[in-house]
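Treat the numbers as computed from the prediction; the structure is a model and nothing was measured. Sequence positions, counted from 1, serve as the residue numbers for this chain.
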Amino acid sequence: MAKKIDRSSKYWWLYLVFGIIALICGGNFCAYPFSALSAISVITGVFLIFAGASNVITTFFDRKKTKLWWLYIILSVLIMIVGVALVARHSFSLKLLWFLTGVGFASEAVIEILSAINIKKETGEGWVPLLVLGILTGIAAIAILADPIFGLRFVSIFVTIGVLCFGIKLIILAFQTKPQK
């Protein structure tokens, strides 16, 4: 049997470089939140594509356990369509960015709540945090859709925090995978 080689430590510096780039981008978003909305549109789109794709993949493999699996797929595809629209047409108006982000959050909230209900039926354990997350995501979606200015500020802050956390995570990962001498 072949021994699996951990190749990640060989490229530990890539985590560090991308982590630093993410921190610089996050700092730029902090300094210029509204001028960075075009970039935020693309980043939000990529996030929604990955969120939708991960939902499709997990739903596909768990479809025998879930009665409403087709609804999960439809909502996940909607999330991915919103993401593709934001990436492909990042020059959309701010109003469209606001609306599509709200729709993406609303779809994700429904998926999280349905997942919590399904987990409760299957195991009876561990469903409460997912339900709370779904409710909070739903509240965020309502707040985003209710006020465009708040929605755009929310998107700007949300993505900025996400990018900064991602940068910190990559830097930590770089030092965790760096070869020991």
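With rounding to the nearest 0.5 Å, the separation of CG in L16 from CD1 in I20 is 4.0 Å. Note that CD1 of I117 and CG of L131 are 7.0 Å apart. Values are rounded to the nearest 0.5 Å. To the nearest 0.5 Å, atoms CG (L133) and CD1 (I111) are separated by 12.0 Å. Rounding to the nearest 0.5 Å gives a distance of 6.0 Å between NZ of K67 and NZ of K121.
Of all heavy-atom pairs spanning A109 and G134, the tightest one is CB-O, 3.4 Å. Of all heavy-atom pairs spanning L130 and A116, the tightest one is CD2-N, 3.6 Å. Scanning both residues, G167 and A22, for their nearest heavy atoms gives CA-CB, 3.5 Å.
Sorted pairs that involve residues 157-170 and meet side chain to side chain donor-acceptor pair (under 3.5 Å), not counting sequence neighbours, are lacking altogether. Every pair passing ring-ring contact (aromatic ring centres under 6.0 Å, His included) that includes a residue from residues 103-137 is listed here, sequence neighbours excluded: F105-F154, F105-F158.
Between S156 and F29 the shortest side-chain heavy-atom distance does not fall below 4.5 Å.
Hydrophobic clustering of Ile, Leu, Val, Met, Phe, Trp and Tyr side chains at less than 4.5 Å, counting indirect connections, keeps I139 apart from F150. Under the 4.5 Å side-chain contact rule for hydrophobic residues, I21 and W13 share a cluster. When the side chains of ILVMFWY residues are joined at heavy-atom separations under 4.5 Å, either directly or via intervening members, F18 and I172 end up in a single hydrophobic cluster. Note on F47 and L145: same hydrophobic cluster, where clusters join Ile, Leu, Val, Met, Phe, Trp and Tyr whose side-chain heavy atoms are under 4.5 Å apart, directly or indirectly. With hydrophobic clusters built from ILVMFWY side chains whose heavy atoms lie under 4.5 angstrom apart, V132 does not share a cluster with V110.
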In a table with atom names and distances, give each donor-acceptor pair under 3.5 Å that connects a side chain of residues 70-83 to protein atoms at least two apart or in another chain.
unit_1: Y72; atom_1: OH; unit_2: L114; atom_2: O; d: 2.8
unit_1: Y72; atom_1: OH; unit_2: S115; atom_2: N; d: 3.0
unit_1: S76; atom_1: OG; unit_2: Y72; atom_2: O; d: 2.7

Show me, pair by pair, the donor-acceptor contacts under 3.5 angstrom made by side chains of residues 48-60, not counting sequence neighbours?
unit_1: S54; atom_1: OG; unit_2: A51; atom_2: O; d: 3.1
unit_1: N55; atom_1: ND2; unit_2: A51; atom_2: O; d: 3.3
unit_1: N55; atom_1: ND2; unit_2: E108; atom_2: OE1; d: 3.1
unit_1: T58; atom_1: OG1; unit_2: S54; atom_2: O; d: 3.0
unit_1: T58; atom_1: OG1; unit_2: N55; atom_2: O; d: 3.2
unit_1: T59; atom_1: OG1; unit_2: N55; atom_2: O; d: 2.7

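When each of D147, L152, V103 is checked for a side chain to side chain contact (heavy atoms under 4.5 Å, CB included) with W98, only L152 meets the rule.
Residues forming a side-chain hydrogen bond (donor to acceptor under 3.5 Å, both in side chains) with Q176 (at least two apart in sequence, or on another chain): none. Residues satisfying the side-chain contact (heavy atoms from CB on, under 4.5 Å) criterion with A106, sequence neighbours excluded, are A141. When the side-chain contact (heavy atoms from CB on, under 4.5 Å) test is applied to L23, the partners found at least two apart in sequence or on another chain are L164, I168, I171. Considering only residues two or more places apart in sequence or on other chains, T137 meets the side-chain hydrogen bond (donor to acceptor under 3.5 Å, both in side chains) condition with E112.
Cluster partners of I149, using a side-chain heavy-atom cutoff of under 4.5 Å among ILVMFWY residues and allowing indirect links: none.
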